[in-house]
Number of protein chains: 2
Amino acid sequence: MTNPGESTENQILIAAREVFIVKGFEGTRMQEIADHAGINKALLHYYFRSKEKLFEAVFSEVAANLFPAMRQLLEAELGIREKLTFFIKIYLKALHENPFIPSFVINTLNSNPESFLKYIKKAGIKPLLLQKQIDEEAARGVIRAIKAEHLVVNIIALCVFPFVARPIVQNIFEMNDEEYQAYLSARESEIIDFVLKSIQA
Amino acid sequence: MTNPGESTENQILIAAREVFIVKGFEGTRMQEIADHAGINKALLHYYFRSKEKLFEAVFSEVAANLFPAMRQLLEAELGIREKLTFFIKIYLKALHENPFIPSFVINTLNSNPESFLKYIKKAGIKPLLLQKQIDEEAARGVIRAIKAEHLVVNIIALCVFPFVARPIVQNIFEMNDEEYQAYLSARESEIIDFVLKSIQA
DNA sequence: TATAATTTTGACCGGTTGGTTAAATTATAA
DNA sequence: TTATAATTTAACCAACCGGTCAAAATTATA
């Protein structure tokens, strides 16, 4: 699977991402990353010095994208209902493109709870701005009053959960892979509907 | 931390559960479990033969409790709104008592997606029963129509997510541990409200 | 074309870790 | 009290795994 166009360093990053995201830091073997990248294992150390630094390179790429995207969505110049609808659409699209990211994030949180803190701080998400908008639109009767910390967590939970719990959901509701894909596709309108109805004035 | 009243085997199980649940299979060292249990490491093999069998003992205890409880709640002789309210209350109570279980489940799903299948099958959850009740009560105008596979996943997602994403949520919304505890406590009424409003006829 | 720099490799090292074992200790049964 | 069974332990083993290295190969530069 060597890609002649990519530099070796980049091939390593791609392979490392693929393996770390599924197996986590402890579960990943350097030899497996090397196999994925189609290179000798020593090269991993040549370019990244250690397993931990390689993981950090993968991790920081994930974390660096997570929160800025979230902030951008939350600060969009939109009415609250449109904003939430837009957030749900974009967030689900990102999840479809990278379905293992949520599990990776949760795994990393488990073994290193402070790992995301600097990326959160750097992204500069301003929850008070959203709360302000919610309060203003609740005062106008557009939606009911609700705390931002509940609303945002609810939306992300609804989006993320079917990806992290896929084997369980698929089995309980007896869906094959195709049916589950259809289910995931239906989630967009389902979540938008669920959320908008729940905050109706 | 040796407990004179407990058998050695049980002490091992308790310690193994504590460590495996937080660190997962790959991240756990047998010596650490032995240290937690206050015993010599060789005893782990004497009683459980291998790390994998010890993990399986812990895992099966978790899995054996997860789905039967869920089924019981879903088949309670209650109206749908009362049933969902009851489900949320009991589910959150269980999560407060075992806050690391969701992360453990997700970690285990990641490394072994088929691990829960036999426990799901054994629990015999009948989604069609719930769907039937939803359809009947929607026909009577008690709630709006909604697919069981969306409703159940939504509820579990809302309950579970603040536990698995705690460090991130805590940091984005700038809460200390005490404030987060209050936040978790508020989740019950928040989720009940959110869900019941979203399925209102 | 020669030399230098960079990249790559196979082989190896040392620490970690799951697992084993013989002996010692404790518990139980006869 | 003695024999046997169960439990426990310190020490050890072997495989695994992250990391290193000298040499070779390749690429770049003078």
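None of these values were measured; they are calculated from a predicted model. All chains are named by letter (A, B, ...) in the order of the sequence lines, taking the proteins before the strands, and each is independently numbered beginning at 1.
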**Q** Using ring-ring contact (aromatic ring centres under 6.0 Å, His included) as the criterion, point out the one residue from A:Phe25, A:Phe20, A:Phe163, A:Phe55 that pairs with A:Phe104.
**A** A:Phe55

**Q** Pairs counted only when both distances fall under 3.5 Å, Watson-Crick or G-U: show me the 5' to 3' dot-bracket for DNA chain D, [ ] for pseudoknotted crossings and | for other-strand partners.
**A** ||||||||||||||||||||||||||||||

**Q** How close or far is atom C1' of D:dT8 from atom CD of B:Glu9, stated in whole angstroms?
**A** 14 Å

**Q** Once you round it to whole Å, what is the distance between C1' of D:dG19 and CD of A:Glu52?
**A** 13 Å

**Q** Is the NZ atom of A:Lys51 crowded by more than 12 outside heavy atoms at less than 6.0 Å?
**A** yes

**Q** Please step through ring pair (Phe, Tyr, Trp, His ring centres under 6.0 Å) for the pair B:His150 and A:Tyr183, ending with a clear verdict.
**A** CA-CA 9 Å; B:His150 288 291; A:Tyr183 170 78; 4.7 Å; yes

**Q** Roughly how far, to the nearest 0.5 Å, is CD of B:Gln181 from NE2 of B:His96?
**A** 7.5 Å

**Q** Considering only NZ, NE, NH1 and NH2 on the basic side and carboxylate oxygens on the acidic side, decide whether A:Glu26 and B:Arg29 come within less than 4.0 Å.
**A** yes

**Q** Report the distance from atom CG of B:Leu44 to atom P of D:dA10, rounded to the nearest whole Å.
**A** 14 Å

**Q** Is a donor from one side chain sitting under 3.5 angstrom from an acceptor on the other, for B:Gln131 and B:Asp135?
**A** yes

**Q** Provide, to the nearest angstrom, the distance between the CZ atom belonging to B:Phe48 and the P atom belonging to D:dT8.
**A** 12 Å

**Q** Which letter, B, S or -, goes with each nucleotide of nucleotides 4-18 of chain C from 5' to 3', with contact meaning a protein heavy atom under 4.0 Å?
**A** --SBBBB------SB

**Q** Does any N or O in the side chain of A:Lys83 come within less than 3.5 Å of the main-chain N or O of A:Leu74, such that one atom is a donor and the other an acceptor?
**A** yes

**Q** Looking only at heavy atoms, what is the nearest atom pair of B:Pro102 and B:Val164, with distance?
**A** CB-CG1, 3.4 Å

